[in-house]
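Worksheet: the structure to be examined is printed underneath.
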Amino acid sequence: MRTTQMFIPTLREDPGEAEIVSHRLMLRAGMIRKVAAGIYSYLPLGLRVIRKVEQIIREEMNQIGAQEVLLPMLSPAELWKETERWDFYGKELMRCQDRHDRDFCLGPTHEEIVTDLFRREVRSYRQLPVTLYQIQTKFRDEIRPRFGLMRGREFIMKDAYSFDQNEEDAQKSYNDMYQAYQRIFTRTGLHFRAVQADTGLIGGSSSHEFMVLANIGEELIVFDPESSYAANVERAEVVTSPPASQDEPYHSLKKVNTPQTKTVTEVCQLLNTTADHLVKTLLYTTPQGSIIAVLIRGDHQANEIKIQRHLGIHDLTLADSDSVQSVTGAPTGFSGPIGLKNVQILADQAVQHLKNYIVGANEADNHYINANHSRDFNIDVVGDFRQAEAGDQSPHSQAKLETARGIEVGHVFMLGTKYSEKMGAKFLDAQGEEHCAIMGCYGIGVGRAAAAAIEQNHDDRGIIWPIPIAPFHVHLLPVTTSEQVLEVTQTLYAALEHANVEVLLDDRNERAGVKFNDADLIGAPLQVIIGDKGLKQGTVDLKERKTGEITKVIPEELVKHVLEKLS
RNA sequence: CGGGGCGUAGCGCAGCCCGGUAGCGCGCCUGCUUUGGGAGCAGGAUGUCGGAGGUUCGAAUCCUCUCGCCCCGACCA
């Protein structure tokens, strides 16, 4: 392609709206433009990268026997009501109506559609297994879209769905997909890590996320430096070590005056103790309007996802101050489990091992010291309700867990029969008995993967594309305008195209500096600089974007050198 | 939804506090020169100052409302 014939509006300056590297560079390199918050147009250069990523995904999906389909973006409310996700998905679902006022939504994911397709067409175990995938625009009305393609309201996603006749086959489908994902992200040149994950709104039993490690990542993961264990903190299990000594006698409960102490830190300061001797009582409102209490050790953070999973609900919110006042009779900051009526009490497992701890007294400006469960109040449920953190004991070795930030570029779920049961997706086995298909679902954020690649591959001059997803392999830069330069440029351009190298020729009437800067910004892995200076010696410069290393080659051998470097 | 910030030429910004005929840099157009890391000279075009209402002789500037965008948080495959 020639630059003068391609729409590549590069920007000299950083757009004010972009905060993170990938967003900034995509805008500056003329790959994308914003239409509204979280909604972008893909320009020719950006689309080329997207197509490269898609192609890698297609090849690996086809390789494991998945078949490409294209499902509608617009889907009728009825299907979503069958699975109850019409209500459950909440505000994130982009809803609309047709001229007859029938409800529709723009698909945020396609379990309903694909399961409906399956139940209409598949009758026999002989038709299994089947895995379908598509690459398509998805819609999610995110509460806060941000960072360009990283979190959009409209974005391109590859989603796949597997249907199997038994657990064993389903596990194989899941594993095949897991392996395919490993190959896909390796081929796209990403440094990533597969971690255990929460199943969220999609639901299901087991799940892994593929995380690209990057500091701007929105996900926090914990990993064990000495084993392969890694998990999203949303999900990471916490193991409690048994208490060092059980001998400490129970002291008697005592109310102490603690004025002006709203936080754990303030209470500890006043009572001259540390946060691990305090138990905070968090009050939550359930979607049904009832209040539950969760007891967490003072130095720990509650993990609302774990609590929600235990309760089997989705919309858990911290109780507002009015609710706290009416349930405890005290302002926020003084809630405690003792004397709470008609409130289910959940306790993190760490609390179970504590003795003689501090809790709020449900009375303004007062706490209890030497509180003990079973004696002073009853815990209804003990469980793992806190957030894992760096320094926690690894569940799989003697090591301490460490944390890192990641960008979620892929997610695989074992769904089981969650959707096939609700929607009646059944088949007959060899004995003529009816079973629900066992499903898996698998997603990849295409644009997000491209953005993640930039986060991991750039310098202060611009993007440094990994070869497999580069929009062009070679950027041809004639830097002077002599006839000889133009002639050699034409010859090399034709020769590279003939060799199926994807080449961008900067044929603009610009000065060398402008061309160099744009080439570095756009980030093709190789640059070929053709100028009178070099041609006097009979050579052109072959420059690697990544290292800056320049090889002087004679024009006749350029194609050979390029092919070597690209292989 | 809570907190913070921002909407002025295609892009980046100044002007606003203290009201008086809208500016700078880059880009864009024309011509000449120049051409190995964002050229020089000369000439030129470009604005409902996000929108609506109000105060005022007069509003980019002050007041009210509203829309949009960005960041933090809550939230989220």
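Proteins come first, then strands; the chains are lettered A, B, ... in the order of their sequence lines, and each starts at number 1.
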Check: Taking atom P of B/G38 as reference, at what distance in whole Å does atom CZ of A/Arg28 sit?
Finding: 14 Å
Checklist line | Rounded distance in Å between the P positions of B/G19 and B/G58 | finding: 15 Å
Next item on the list: Calculate the interatomic distance between A/Glu218 atom CD and B/C72 atom P; express it in whole Å.
Entry: 8 Å
Next item on the list: Quick one: label A/Glu304 by what it contacts on the DNA or RNA (base, sugar-phosphate, nothing), any heavy atom closer than 4.0 Å.
Entry: sugar-phosphate
Checklist line | Partner nucleotide of B/U55 by Watson-Crick or wobble geometry (both distances under 3.5 Å) | finding: none
Notebook entry, point to check: Given side chains that start at C-beta, do those of A/Pro108 and A/Leu93 come closer than 4.5 Å, heavy atoms only?
Noted result: yes
Notebook entry, point to check: Heavy atoms under 4.0 Å, any strand shown: does A/Pro9 hit a base, just sugar-phosphate, or nothing?
Noted result: nothing
Notebook entry, point to check: What is the pairing partner of B/C24, taking Watson-Crick or G-U wobble pairs with both distances under 3.5 Å in any strand?
Noted result: B/G12
Check: Given that both distances must come in under 3.5 Å, which nucleotide forms a Watson-Crick or G-U wobble pair with B/A60?
Finding: none
Check: How long is the line joining CZ of A/Arg511 and P of B/U35, in whole Å?
Finding: 8 Å
Notebook entry, point to check: What interatomic distance, in whole Å, is found between P of B/A45 and the corresponding atom of B/U8?
Noted result: 23 Å
Notebook entry, point to check: Roughly how far, to the nearest 0.5 Å, is the CG atom of A/Asn232 from the CZ atom of A/Arg235?
Noted result: 10.0 Å
Notebook entry, point to check: Just checking A/Lys91: base, sugar-phosphate only, or nothing, at a heavy-atom cut-off of under 4.0 Å?
Noted result: nothing
Check: Can you name the one residue among A/Phe185, A/Phe210, A/Tyr442, A/Phe413 that meets ring pair (Phe, Tyr, Trp, His ring centres under 6.0 Å) with A/Tyr178?
Finding: A/Phe210
Notebook entry, point to check: How many angstroms lie between CG in A/Leu415 and CD in A/Glu111, if you round to the nearest 0.5 Å?
Noted result: 6.0 Å
Notebook entry, point to check: Among B/G36, B/C76, B/C69, which nucleotide sits nearest the side chain of A/Asp541?
Noted result: B/G36
Margin query: With heavy-atom distances below 4.5 Å as the criterion, would you say the side chains of A/Thr551 and A/Glu544 are in contact?
Written below: no
Notebook entry, point to check: So do A/Phe192 and A/Gln182 actually touch side chain to side chain, heavy atoms under 4.5 Å?
Noted result: yes
Notebook entry, point to check: Given atom CZ of A/Phe147 and atom P of B/G73, what is their separation to the nearest angstrom?
Noted result: 8 Å
Check: Expressed as a whole number of Å, how far does the P atom of B/G15 sit from that of B/G43?
Finding: 29 Å
Notebook entry, point to check: Just one of A/Arg146, A/Lys34, A/Arg28 clears the salt bridge (Lys or Arg N to Asp or Glu O under 4.0 Å) bar with A/Glu17, so which one?
Noted result: A/Lys34
Item checked: Of the listed nucleotides B/C70, B/C71, B/G36, the one nearest the side chain of A/Arg144 -> B/C71
Note to self: Output the rounded distance in Å from CD (A/Gln537) to C1' (B/G36).
What the structure shows: 13 Å
Check: Which one, B/C26, B/G36, B/C75, comes nearest to the side chain of A/Arg12?
Finding: B/C26
Check: Tell me: CG of A/Leu477 to P of B/U35, nearest whole Å?
Finding: 19 Å
Next item on the list: With a 3.5 angstrom cut-off on both distances, give the Watson-Crick or G-U wobble partner of B/C69, or none if there isn't one.
Entry: B/G5
Margin query: If you assign A/Ile305 and A/Pro145 each to the RNA chain B nucleotide with the nearest heavy atom, which residue ends up on the more 5' nucleotide?
Written below: A/Pro145
Notebook entry, point to check: Which nucleotide sits closest to the side chain of A/Arg146: B/A74, B/C72, B/U35?
Noted result: B/C72
Next item on the list: Determine the Euclidean distance between corresponding P atoms of B/C6 and B/A14; express it in Å to zero decimal places.
Entry: 9 Å
Check: Is a side-chain donor or acceptor of A/Asp384 paired with a backbone partner of A/Val238 at a separation under 3.5 angstrom?
Finding: yes
Would you tabulate the nitrogen or oxygen pairs shorter than 3.5 Å linking the protein to nucleotides 8-14 of chain B?
{"unit_1": "B/G12", "atom_1": "OP1", "unit_2": "A/Gly16", "atom_2": "N", "d": "3.3"}
{"unit_1": "B/G12", "atom_1": "O2'", "unit_2": "A/Glu13", "atom_2": "OE1", "d": "3.3"}

Checklist line | C1'-based separation of B/G47 from B/A60 [nearest Å] | finding: 11 Å
Note to self: Can a side-chain donor-acceptor contact be found between A/Asp159 and A/Gln134 if the only test is distance below 3.5 angstrom?
What the structure shows: yes
Notebook entry, point to check: Reckon A/Lys543 touches a base, only the sugar-phosphate, or nothing at all at heavy-atom distances under 4.0 Å?
Noted result: base
Notebook entry, point to check: Which heavy-atom pair separates A/Arg545 from A/Ile463 by the least distance, and what is that distance?
Noted result: NE-O, 3.3 Å
Can you name the atoms? Protein N/O to nucleotides 42-50 of chain B N/O, anything below 3.5 Å, with the distance.
none

Note to self: Nearest whole Å is fine: how far is B/A39 P from A/Phe516 CZ?
What the structure shows: 12 Å
Notebook entry, point to check: Whole-Å distance between B/C6 P and A/Glu19 CD?
Noted result: 15 Å
Notebook entry, point to check: Roughly how far apart, to the nearest Å, are B/C62 and B/C18 at atom C1'?
Noted result: 11 Å
In residues 67-76 of chain A, what donor-acceptor pairs under 3.5 Å come from side-chain atoms, sequence neighbours left out?
{"unit_1": "A/Glu68", "atom_1": "OE1", "unit_2": "A/Arg58", "atom_2": "NE", "d": "2.8"}
{"unit_1": "A/Glu68", "atom_1": "OE1", "unit_2": "A/Tyr133", "atom_2": "OH", "d": "3.4"}
{"unit_1": "A/Glu68", "atom_1": "OE2", "unit_2": "A/Arg58", "atom_2": "NE", "d": "3.1"}
{"unit_1": "A/Glu68", "atom_1": "OE2", "unit_2": "A/Arg58", "atom_2": "NH2", "d": "3.0"}
{"unit_1": "A/Ser75", "atom_1": "OG", "unit_2": "A/Trp80", "atom_2": "NE1", "d": "2.9"}

Next item on the list: Sticking with atom P, work out how far B/C67 lies from B/C29, rounded to a whole angstrom.
Entry: 39 Å
Next item on the list: Please confirm whether any donor atom in the side chain of A/Asp532 sits under 3.5 Å from an acceptor in the base of B/G36, or the reverse.
Entry: no
Next item on the list: Determine the Euclidean distance between corresponding P atoms of B/C17 and B/U61; express it in Å to zero decimal places.
Entry: 9 Å
Check: Closest to the A/Arg151 side chain: B/C76, B/C69, B/G38?
Finding: B/C76
Next item on the list: Report yes if the side chains of A/Thr489 and A/Val485 come closer than 4.5 Å at any heavy-atom pair, otherwise no.
Entry: yes
Next item on the list: Answer with base, sugar-phosphate or nothing: what part of the nucleic acid does A/Gly534 contact at a heavy-atom distance below 4.0 Å?
Entry: base
Notebook entry, point to check: Out of B/C76, B/G38, B/U35, which nucleotide sits closest to the side chain of A/Glu142?
Noted result: B/C76
Notebook entry, point to check: Start at the 5' end of RNA chain B and walk down; is the nucleotide closest to A/Asn517 or to A/Gly38 reached first?
Noted result: A/Asn517
